[in-house]
There are 2 protein chains.
Amino acid sequence: MSGRGYHHGNLRNALLAAASELVRERGARGFSVSEAARRVGVSSSAPYRHFPDRDAMLAAAALTGFVELEERFESLPVVQTFTDTAAHIAAEYVRFAREDPSRFEMMFAHGIDKSKHADLLQQTFRVQERFEAALAQHLQPTESIRRYSAELWSIAHGAATLAIGENMQHLVPDTQISELASSTATAWAQGITEASGS
Amino acid sequence: MSGRGYHHGNLRNALLAAASELVRERGARGFSVSEAARRVGVSSSAPYRHFPDRDAMLAAAALTGFVELEERFESLPVVQTFTDTAAHIAAEYVRFAREDPSRFEMMFAHGIDKSKHADLLQQTFRVQERFEAALAQHLQPTESIRRYSAELWSIAHGAATLAIGENMQHLVPDTQISELASSTATAWAQGITEASGS
DNA sequence: CCTCAATGTGAGAGCTTTACACATTAGAGT
DNA sequence: ACTCTAATGTGTAAAGCTCTCACATTGAGG
């Protein structure tokens, strides 16, 4: 079942696990196919039976990150207002990013060509749909839900990336970034609801 | 003066220029010290007389990006309201990012250790101060200007990074991301002004 | 004019990705 | 049960990268 014989038996998954671990330890740039293979105990060319190249391996690891992110929002508690919903989503998003900053970085690494890894884009889309579903509960169907979810995503994503890039240290303590995101989302949501009177 | 003799004469700057060009062409991950040296016409070890390592070279190139970004906001036209100011800043930020996505990516690459490159953090801070100065014109001195500028930065940065990471293609056409950022900022600013009655 | 600190070179150690020929084995068919 | 094949793992090696070190060259100050 596990690493015994000539054939590993579950190499693809073992490599993905090792990759995630490596990324957490050394960051997305510190990851190498060789090291992942070494940790799993196979030769350095074995991974290429399962992934066409290094980027594909990272993309597959990133995919698992997006799946976890989606699950995270599946179980998001239902709250009363549009504003509170937006605030909760933004805060949760930042919390996810801060839990494992390197994984988050990898998930959105610009090096990964989305057009070459359609499954990644697909899963990104599913996360997006969670946002839409949550917001839709408090909006009229005629309103531009898609647009709003994109805007909310921007807010959450900006706070998350600036935080884990250590760009906000002198402005806001790291532990309060989640709160920053939720208050940004709150103001944004109020601007919307007061304007359109929803 | 230029690349003639044994000594180049201006190698450091020439390397930085080559680095920026390389990053624009091949992305931050496609950059290599060797290739930059090759383009400038020096041996592959020459750059190490001017930069301790690859990351330092990238950080120095990123620094020039931040300087340009600051200049960009220095000449930002003064507008009437808090809301319009926020909208203009966000839109301009996204425009900057989209002009040379790879450079923008490099500027915020998580691989660069900000604590090791204090000048970078310093310059980031100066950009931040531009934001504050612009917003301050429309706020009472008692209001938390720093906090607001951090929130606005989040909004702009989120839209910019999602856009250049090709994560928004199915939601909003790339050409409209700048408009997305400005309308997000608008809602946010209205939420703030209507709440506090400024 | 002379020297020395700064700057560039060449060779090379030790990584990495990836291709390719070859070895091994699980499991489908008979 | 037995075979054969496709899938999976190995070993080697080419090409390229980062970075070090001893050595070469030269501009500028004394």
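Chain letters run A, B, ... following the sequence lines, proteins first and then strands; every chain starts at 1.
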Minimum-distance nucleotide to B/Val42 side chain [options: C/dT18, D/dC17, C/dT9]: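 When the side chain of B/Val42 is considered, C/dT9 is the closest of C/dT18, D/dC17, C/dT9.
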
Closest listed nucleotide, where the reference is the side chain of B/Ser32 and the choices are C/dT18, D/dT20, D/dC17: D/dC17

Could you give the [atom1]-to-[atom2] distance, from [X] to [N], as a whole number of Å?
{"X": "A/Glu35", "N": "C/dT16", "atom1": "CD", "atom2": "C1'", "value": "12 Å"}
{"X": "B/Tyr48", "N": "D/dA22", "atom1": "OH", "atom2": "P", "value": "18 Å"}
{"X": "A/Leu58", "N": "C/dT17", "atom1": "CG", "atom2": "C1'", "value": "13 Å"}
{"X": "B/Leu22", "N": "D/dC17", "atom1": "CG", "atom2": "C1'", "value": "13 Å"}
{"X": "A/Asn10", "N": "C/dT25", "atom1": "CG", "atom2": "C1'", "value": "17 Å"}
{"X": "B/Asp53", "N": "D/dC21", "atom1": "CG", "atom2": "C1'", "value": "17 Å"}

Check: A/Arg26 side chain, A/Ser32 main-chain N or O, donor-acceptor pair, under 3.5 Å: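 Not a single qualifying donor-acceptor pair exists.
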
Touch class at under 4.0 angstrom, heavy-atom based, for A/Arg12 against every strand present: nothing

Expected rows: protein N/O vs nucleotides 4-8 of chain D N/O, under 3.5 Å:
{"from": "D/dT8", "atom 1": "O2", "to": "A/His7", "atom 2": "NE2", "distance (Å)": "3.1"}

Would you say that more than 12 heavy atoms from the other residues, nucleotides or ligands in this model lie under 6.0 Å from the [atom1] of [X], or not?
{"X": "A/Arg95", "atom1": "CZ", "answer": "yes"}
{"X": "A/His88", "atom1": "NE2", "answer": "no"}
{"X": "A/Glu74", "atom1": "CD", "answer": "yes"}

Whether B/Phe108 and B/Phe104 hold their rings parallel, tilted or perpendicular, with breakpoints at 30° and 60°: tilted

Parallel, tilted or perpendicular: rings of A/Trp188 and A/Phe82 (30°, 60°): tilted

Side-chain donor/acceptor of A/Ser45 to base of D/dG9, under 3.5 Å: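 Checked by distance alone, the answer is no.
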
Whichever of A/Gly41 and B/Asp55 has its nearest DNA chain D nucleotide further upstream toward 5': A/Gly41

Summary of side chain to side chain donor-acceptor pair (under 3.5 Å) pairs that have at least one residue in residues 165-182 of chain B, sequence neighbours excluded: A/Arg147-B/Glu179

Of B/Ser44 and A/Val33, the one whose closest DNA chain C nucleotide lies more 5': B/Ser44

Which protein N or O atoms sit under 3.5 Å from an N or O of nucleotides 28-30 of chain D?
none

Phosphate OP1/OP2 of C/dT16 contacted by A/Arg38 side-chain N/O (<4.0 Å):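 True: A/Arg38 side-chain N/O within range (under 4.0 Å) of C/dT16 OP1/OP2.
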
Near-ring test B/Phe66/B/Phe125, centroid separation under 6.0 angstrom: no

A/Leu76 side, atom CG; A/Ile89 side, atom CD1 - distance, nearest 0.5 Å: 6.0 Å

